[in-house]
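Okay, structure first, notes after.
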Amino acid sequence: MRSARLAVLLAATLALPLVPATAHADPPQNPVFEDGQAQPVFDPEDVVRENLWVRAPVDSDRDGVDDEVHVEIVRPKATEDGLRVPVVYQASPYYAGGNDVANHNVDVELHVPDGHGKPKPQIEWRYEEYLLARGFAVVYGESLGSGASTGCPTTGGENETIGARSVVDWLNGRAPARDAEGTPVAAEWSTGKTAMMGVSYNGTLPNAVASTGVEGLETIVPIAAISDWYDYYREDGAVVAPGGYQGEDADVLAEYVYTREDREVCRPVIDELAREQDRVTGDRNAFWDERDYLDDAHRVRASVLVVHGLNDWNVTTSQAAKWYAALGEAGVERKIWWHQSGHSDPYTLRQQEWLRTLNRWFSHYLYDVDNGIESEPRSTVQREDLSWADEADWPAPGTRDATAYLRPGGPDRGGLDVGGPLRGKPVVERLTDDATKTVEQLVDADSSANRLAYSSEPARKPVRLSGTAEVDLEVSFDRPAANVTGVLVDRAPDGTSTVITRGWTDPQNRTSPHRTRPIKPGKSYDVTFELQPKDYVLAKGHRLEFALLSSDHDFTLRPEPGAGLAIDVRKTSVTLPVVGGKGALRKAF
């Protein structure tokens, strides 16, 4: 979420051309709604801008004084004449830019267990004019430790949640704020009804705040957002990286966004964060549990519009899928948008329909407009041909597990069969780890000692995957530590390949991500792990392949080559989330 990633984020959410507002020349003094949508009746240039500091009930920089969150408010001028409006609020640690920070070295061996600043220039957001013209105020809040806020950055820690939540409390009269001169300021112009929205970290903070159950937060729109920070920097006990940012970790990101004027006060806090994140074992611990919002989904009062790219390898799809599922179990009103892009919002993909959905969503939940959006299909998925489909829910209705089984020949390319497992004596196939080679290089090799690959027959009809695939291995190792990576591949008739999804595990955490248990070389273990959720259609004539390797050059730690893995082909399988289940899979293959 930093450096080049920040540039992408800023381009996607802050500085691109603003949405045309087309406000009326002589705007009325109240919002206007047509077809369930707020209309552009206010002049987005005729606004009131304020810089304030909201007091948060936390002292994360340990200076004996409550932290303060710097906020910039932009509201229609009509609020000076008594109009009260709801708020769309974006909290972010990125408004003040970032620091030049080095990532951790990932070319290391695996662990073997031994038993008050000044406000920055005016913030811009591509949605600001659009929202102001339609009768919504816009509020920007700088996350603790960044910009003109006090406190310390902790990469999803409780203090950051409290800081962001305090702005919602202030908008509802429950928290104090002051201006630059120290004069108390109340949000008398606000109805108290608040939405939070943003991309990446800016979308993660809405998840965090909503998980507190704060009153007045009516809805959130988390885009490419994290719901569990452990799954961002770890995976099933393995130390992993966000796509494109090998070696980044929680401490690196905190250091990056630590942009407040005092550059020393948070040193002890960030040093503690670096120790507690545990890059040695990769185990889940209290540090990561604090940053897991899934466990608090039952506390969410806000409705949630989850938006995520099916090709996002920065914030992976499990973040959206698990959050959406947890919200459903808690009975939260929700909708999900899956698009075919990566770490971005769908603005440039389907602008007109996206803005229509966003407008109707905010009109309903912030202005109580009865437009029926809460009763419409909960899932919108963009297909590979860039068409869009609305469905009742996600995973797609009719999705059921269907298992595919391996056939010998993995060093070259063995078979992937839907009929059933092999019978008889063990069939052992081996690979040798080589982290210098990428997944793409390994799956495209006709033969390799560094991966095992298994391919289906060409599909007789399209097959749709919708949900989370799971790998079940009977595997042994010749060293006491190794990475394990699984990959699903679409092999086109011309031989070209597309990685559908992948996943990782540390076999030392085979019983729990909280506990490292040693591996005894030569002993076989049952290791089960999930691949990243996906919604994907394998076209007619294409082959579905499963590849197994050890280290993933672009995501896992990269030990010296040489670790050996051996699987029993008979007892290794991949369970797929197939629309139509076993019957559909068998008809296709």
Side-chain angles (χ1 to χ4, degrees), residues 110 236 238 402-457 469-491 495 497 499-508 510 519-531 543-553 556 558-576 589:
L110 302 177
D236 209 21
T403 302
Y405 303 91
L406 310 190
R407 295 295 184 262
D412 298 316
R413 192 160 274 113
L416 191 64
D417 191 272
V418 299
L422 287 175
R423 305 296 179 183
K425 296 180 180 180
V427 178
V428 177
E429 297 191 333
R430 294 176 170 83
L431 67 91
T432 302
D433 186 25
D434 187 352
T436 67
K437 298 177 181 177
T438 68
V439 162
E440 290 75 15
Q441 290 172 324
L442 291 171
V443 301
D444 281 341
D446 291 334
S447 180
S448 175
N450 307 124
R451 62 98 182 107
L452 299 173
Y454 304 89
S455 181
S456 73
E457 294 298 317
E470 184 177 271
V471 177
D472 189 5
L473 305 174
E474 183 75 16
V475 58
S476 62
F477 307 87
D478 67 5
R479 295 184 182 180
N483 293 311
V484 177
T485 300
V487 188
L488 275 185
V489 178
D490 177 341
R491 181 75 59 186
S497 65
V499 172
I500 300 171
T501 186
R502 66 178 96 185
W504 317 269
T505 190
D506 179 352
Q508 295 181 79
R510 59 196 175 276
I519 291 171
K520 183 178 180 180
K523 180 179 179 180
S524 291
Y525 296 95
D526 184 11
V527 175
T528 301
F529 64 103
E530 294 181 342
L531 308 184
R543 298 173 187 265
L544 182 66
E545 293 186 0
F546 169 67
L548 180 72
L549 52 149
S550 184
S551 300
D552 184 335
H553 177 274
T556 67
R558 301 191 293 231
E560 285 292 321
L565 281 66
I567 66 167
D568 184 345
V569 172
R570 300 173 311 143
K571 297 183 179 180
T572 296
S573 61
V574 184
T575 300
L576 305 166
F589 299 112

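Under the 4.5 Å side-chain criterion, counting only non-hydrogen atoms from C-beta, Leu531 is in contact with Val471. Using a 4.5 Å heavy-atom cutoff, the side chains of Pro411 and Leu452 are in contact. Side chains of Ile567 and Leu406 form a contact here, defined as non-hydrogen atoms less than 4.5 Å apart. By the 4.5 Å heavy-atom criterion applied to side chains, Glu545 and Leu416 are not counted as neighbours.
For the side chain to side chain contact (heavy atoms under 4.5 Å, CB included) with Asp472, the qualifying choice from Thr575, Asp526, Thr572, Thr403 is Asp526, the only one to do so. The only member of Ser448, Ser447, Ser455 that meets side chain to side chain donor-acceptor pair (under 3.5 Å) when paired with Asp412 is Ser447.
Between the side chain of Ser497 and the backbone N or O of Asp444 there is no donor-acceptor pair closer than 3.5 Å. A donor-acceptor pair under 3.5 Å links the side-chain atoms of Ser550 to the main chain of Asn483, judged by distance alone. Judged purely by atom type and a 3.5 angstrom limit, Arg510 has no side-chain atom pairing as donor or acceptor with the backbone of Val527. Panel note: side chain Arg543, backbone Asp490; no donor-acceptor pair is recorded below 3.5 Å.
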Please tabulate, one pair per line, all N/O donor-acceptor pairs under 3.5 Å involving side-chain atoms of residues 421-434, not counting sequence neighbours.
unit_1	atom_1	unit_2	atom_2	d
Glu429	OE1	Gly410	N	2.9
Glu429	OE1	Tyr454	OH	2.6
Glu429	OE2	Gly409	N	2.6
Asp433	OD1	Ser551	N	3.0
Asp433	OD1	Ser551	OG	3.3
Asp433	OD2	Ser551	OG	2.9
Asp434	OD1	Thr436	N	3.1
Asp434	OD1	Thr436	OG1	2.6
Asp434	OD2	Thr436	OG1	3.4

Report, one line per pair, each donor and acceptor closer than 3.5 Å where one atom sits in a side chain of residues 473-480; sequence neighbours left out.
unit_1	atom_1	unit_2	atom_2	d
Asp478	OD1	Gly564	N	2.8
Asp478	OD2	Gly564	N	3.4

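The side-chain contact (heavy atoms from CB on, under 4.5 Å) search around Asp552 returns Val439, Thr485, Arg502, Trp504, Asp554, Phe555, Thr556, not counting sequence neighbours.
Within the model, atoms CG of Leu442 and NZ of Lys437 stand 6.5 Å from one another, a figure rounded to the nearest 0.5 Å. Here the OG1 atom belonging to Thr505 is positioned 3.5 Å from the CG atom belonging to Asp236, to the nearest 0.5 angstrom. For the atom pair CG of Leu576 and CD of Glu470, the computed distance is 11.0 Å after rounding to the nearest 0.5 Å.
Residue Val443 comes nearest to Arg491 through the heavy atom pair O-NH2, 2.6 Å, listed as atom of the first residue, atom of the second, then distance. The two atoms that bring Ser573 and Tyr405 nearest to each other are CB-CD2, 3.9 Å, heavy atoms only. Residues Phe589 and Ser456 share a closest heavy-atom pair of CE2-OG, 3.2 Å. Nearest heavy-atom pair across Arg570 and Asp568 is NH2-OD2, 2.8 Å. Here the shortest heavy-atom pairing between Leu110 and Pro559 reads CG-CG, 3.9 Å. Between Arg558 and Ala435, the closest heavy-atom pair is CB-CB, 3.6 Å.
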- Task: Could you go through the side chain to side chain contact (heavy atoms under 4.5 Å, CB included) check for Leu549 and Leu565 one step at a time?
- Result: CA-CA 8 Å; Leu549 52 149; Leu565 281 66; over 6 Å; no
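Heavy-atom contacts from other residues, nucleotides or ligands closer than 6.0 Å to CD of Gln441 number more than 12.
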